[in-house]
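Remarks on the structure that follows.
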Number of protein chains: 4
Amino acid sequence: MNTLPKSQQKRDALVKATIRLVNNNGFHATPMSKIAKMAEVSPGTIYLYFKNKQDLVNQIYIEVKAAFSEFAFKDYKEDLTVKEGFKNIWKNIAEFKLKEIEEAMFLSQCDNTPIIDEPSRQEGLKHLQPLLDLMERGQKEGIIKPVSPYMLYAFSIYPIAFFMKLQERAIFKLTRENIEEAYEMAWNSIKV
Amino acid sequence: MNTLPKSQQKRDALVKATIRLVNNNGFHATPMSKIAKMAEVSPGTIYLYFKNKQDLVNQIYIEVKAAFSEFAFKDYKEDLTVKEGFKNIWKNIAEFKLKEIEEAMFLSQCDNTPIIDEPSRQEGLKHLQPLLDLMERGQKEGIIKPVSPYMLYAFSIYPIAFFMKLQERAIFKLTRENIEEAYEMAWNSIKV
Amino acid sequence: MNTLPKSQQKRDALVKATIRLVNNNGFHATPMSKIAKMAEVSPGTIYLYFKNKQDLVNQIYIEVKAAFSEFAFKDYKEDLTVKEGFKNIWKNIAEFKLKEIEEAMFLSQCDNTPIIDEPSRQEGLKHLQPLLDLMERGQKEGIIKPVSPYMLYAFSIYPIAFFMKLQERAIFKLTRENIEEAYEMAWNSIKV
Amino acid sequence: MNTLPKSQQKRDALVKATIRLVNNNGFHATPMSKIAKMAEVSPGTIYLYFKNKQDLVNQIYIEVKAAFSEFAFKDYKEDLTVKEGFKNIWKNIAEFKLKEIEEAMFLSQCDNTPIIDEPSRQEGLKHLQPLLDLMERGQKEGIIKPVSPYMLYAFSIYPIAFFMKLQERAIFKLTRENIEEAYEMAWNSIKV
DNA sequence: TATGAATGAGGATTCATTCAT
DNA sequence: TATGAATGAATCCTCATTCAT
């Protein structure tokens, strides 16, 4: 109903505010009124851009997920070797999760919580395909272990989420050096 | 054959109901009244066992976390080799997360969401110590990579959570065989 | 869900308050909060007795309609002559509409407005049956004009509603004498 | 062929839309925005023609009431006999209520509901005067029953409203024949 | 201990109205 | 005149918590 960018500025402010507040308090503990206040907008204005609260998070989830995969595959090309391609993608994912912490934490909360509705969840899922394709190629070339792609993902990509959470709580920070170590561990876990 | 005192039965029912409902709906979307109904108890009764809603999840979180680590380290002994010890613990953690899905999902939601208060979160954290100690021992023995324990954890243990979520959504199920594969990948990622 | 008389007093007060306020302001212009206040009850309490605002008026409509027809046919018996029976019923209806003005006005507003949902409207309709039966009997006996029952109703019963409205606005009041005149006009309009 | 000034066209569209929507949903359940949409006009535009929502219905009520009585008395002349005059008026009223159902239903809802303010209501009332005058003349001539004019109205004119509602709900339709019957019943109820 | 009716603060959403363009 | 984005007060309803029994 309201996907037109009437005033992109206001919509952006709402998105930003929602991400921050949901990160800090959770979906159900962030009132629309607080979102409006942080976005310096009237509560009623939210409903010019989003149908309701559910639609608000759904839209944000899909958009952030899209931005994430855009970033993840930004410099991936078909003609890279499997190893180069994987390194590219892994580094990008790590960079996104450790730099765009707010967005990444928001995705994490959505993915670990029943706040996103099923269609949006599905929508968000399809973005991984290029990575899965790459891994399959690696398997055909005999470079990557012939196991389920879920397993490959679990041991190579998924751990990055753990670093993100540690970093967000200021418990542990990936530095230039140990990010290289981490990448090596990731690659070793999937390479033949 | 249930010889627990009546009150313990009620408390148990409340805990069970809370876990299930929070898993399905999230903390803020599960009313106390629904918990009471599912536990076949009056809403007022909840407050005989728990100070308030926050206290309810806090207590459950701590208890489930304790049960989890109890299970994880149940057959761990100091005189096992590092490799044997790690295998023990890894298998137990996997078994818990894949068998006691409700409890494990509950922990996951608590850990990815701002519903648990900080003291309880700290309380839950200390349970990992034996594993960290074991890893440190492995490093001293030159068996385990000399990197941050967080890194070791991220690549060996954390991936299990991913399998749990896949299994819960019936997307992918670890079988007897590929759980062995998974364990190998975990060990390979941390061994020297 | 809540048809049990937990505290009939509170429910009665709510019904009374709703009727009065809806009469004065219309359905959509009477907030639940005002109903609660007039009934000296908390807003939340309304929802112990009624599912929502719509259910509130629906239930009241059905109940008042039932009370109305109960009253209308209270001393009607099958063995009365058609003329006696009609007089009985007509007088009762008139008495109800002119004495229980609040209830009658409430029914009138519901019947002239799209505030009642269709099922409740149907529910309310069936109460007229005994009168229609009587009229049919009268037609068979050759005492009452052989025209559509709707026509008989329109010219004999329906006019009473007009007197009710006049009375409510203090424009005109049926007295003991002219109520007799009115009855005569009603009977003359349908008798052969 | 519509040569009305553009602004008049807009006002007409607003009036039409309001009547239809208020008929279907009631005054308070028809948002200004919906009226605007149905009239293919911006919400803000409504306020160029009407001071506010109350003024909107007030004006429409008065206008429709005027149109109604215009129609009712359109071929009434002082030199007709009482009987001829009454027949004229009655037939016109019936024609209006059964043909211009939307307008007639709107009036009915306004007259049975507290949505019109008192001044407008008074304004609408005065239109009946010619009919009352005619009846009084009939009484003086000894043709019409010497009872309150309200009584005469209640039994001769008011029943038409009942037919209108039946027709609107497709329950009963006055045909050419029984409209004659109805008229006879009306006349019989007031004639001496 | 246990109940569950009652409370009332809080939150999502709607909508009459305004105002800058 | 006409627009429609923006406002924010008002409204329905939920739900954590209490308390009399």
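Every heavy atom of this structure was used, including side-chain atoms; hydrogens, water molecules and symmetry mates were not.
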Discussion item. Here's a test of your reading of the structure: between A:Lys34 and D:Thr30, which maps to the more 5' nucleotide of DNA chain E?
Written reply: A:Lys34
Worksheet item: Can you tell me how far the OG1 atom of A:Thr18 sits from the CZ atom of A:Phe27, to the nearest 0.5 Å?
Response: 9.5 Å
Discussion item. Would you say B:Lys165 and A:Asn112 are linked by a side-chain donor-acceptor pair, where the criterion is simply a distance under 3.5 Å?
Written reply: yes
Worksheet, complete the sentence: Among F:dA6, F:dC13, F:dT3, the one nearest any side-chain atom of A:Ser7 is F:dA6
Practice prompt. Assign each of B:Pro31 and A:Pro43 to its nearest nucleotide of DNA chain F by heavy atoms, then name whichever residue's nucleotide is nearer the 5' end.
Written response: A:Pro43
Worksheet item: On DNA chain E, nearest-nucleotide positions of D:Tyr47 versus B:Gly44: which is more 5'?
Response: B:Gly44
Discussion item. Side-chain N or O of B:Thr45 versus OP1/OP2 of E:dT3: is the shortest distance under 4.0 Å?
Written reply: yes
Worksheet item: Mapping A:Glu40 and B:Gln54 to their closest nucleotides on DNA chain F, which lands nearer the 5' end?
Response: A:Glu40
Item to complete: Specify the separation, in whole Å, of atom CG of D:Leu14 and atom P of E:dT17.
Response: 14 Å
Item to complete: May I have the distance from A:Lys37 (atom NZ) to E:dG10 (atom P), rounded to whole angstrom?
Response: 12 Å
Worksheet item: Taking only N and O in the side chain of A:Lys10, is any of them less than 4.0 Å away from OP1 or OP2 of F:dA6?
Response: yes
Fill in: Rounded interatomic separation in angstrom, taking CD1 from A:Ile46 and P from F:dT7
11 Å
Response to the item:
As its Watson-Crick or G-U partner within any shown strand, both distances under 3.5 Å, E:dA20 has F:dT3
Item to complete: Please state whether the phosphate of F:dA6, meaning OP1 or OP2, lies under 4.0 angstrom from any side-chain nitrogen or oxygen of A:Tyr49.
Response: yes
Response to the item:
From the candidates F:dA16, F:dC12, E:dT3, the one with an atom nearest any side-chain atom of B:Met32 is F:dA16
Item to complete: Using atom CD1 of A:Ile35 as one end and atom C1' of F:dT7 as the other, report the distance to the nearest whole Å.
Response: 18 Å
Worksheet item: If you measure only the distance, is there a donor-acceptor pair under 3.5 Å linking the side chains of B:Asp117 and B:Ser120?
Response: yes
Worksheet item: Any idea which of F:dT17, E:dT17, F:dG4 is nearest the D:Lys53 side chain?
Response: E:dT17
Worksheet entry | Distance, rounded to the nearest Å, where A:Lys51 contributes NZ and E:dT14 contributes P | 11 Å
Worksheet item: Rounding to a whole Å, what distance do you find between B:Leu48:CG and F:dT17:P?
Response: 14 Å
Worksheet, complete the sentence: note: B:His28, atom NE2; F:dT17, atom P; distance rounded to Å ~ 11 Å
Worksheet item: Taking atom OG of B:Ser33 and atom CD1 of B:Ile46, what is their separation to the nearest 0.5 Å?
Response: 8.0 Å
Discussion item. If you only use heavy atoms from C-beta on, which nucleotide in F:dG4, E:dT7, E:dG4 is closest to the side chain of C:Ser42?
Written reply: E:dT7
Worksheet item: Are the side chain of D:Arg11 and the backbone of D:Phe50 linked by a donor-acceptor contact shorter than 3.5 Å?
Response: no
Worksheet entry | Spacing between B:Phe50 atom CZ and F:dA16 atom P, to the nearest angstrom | 15 Å
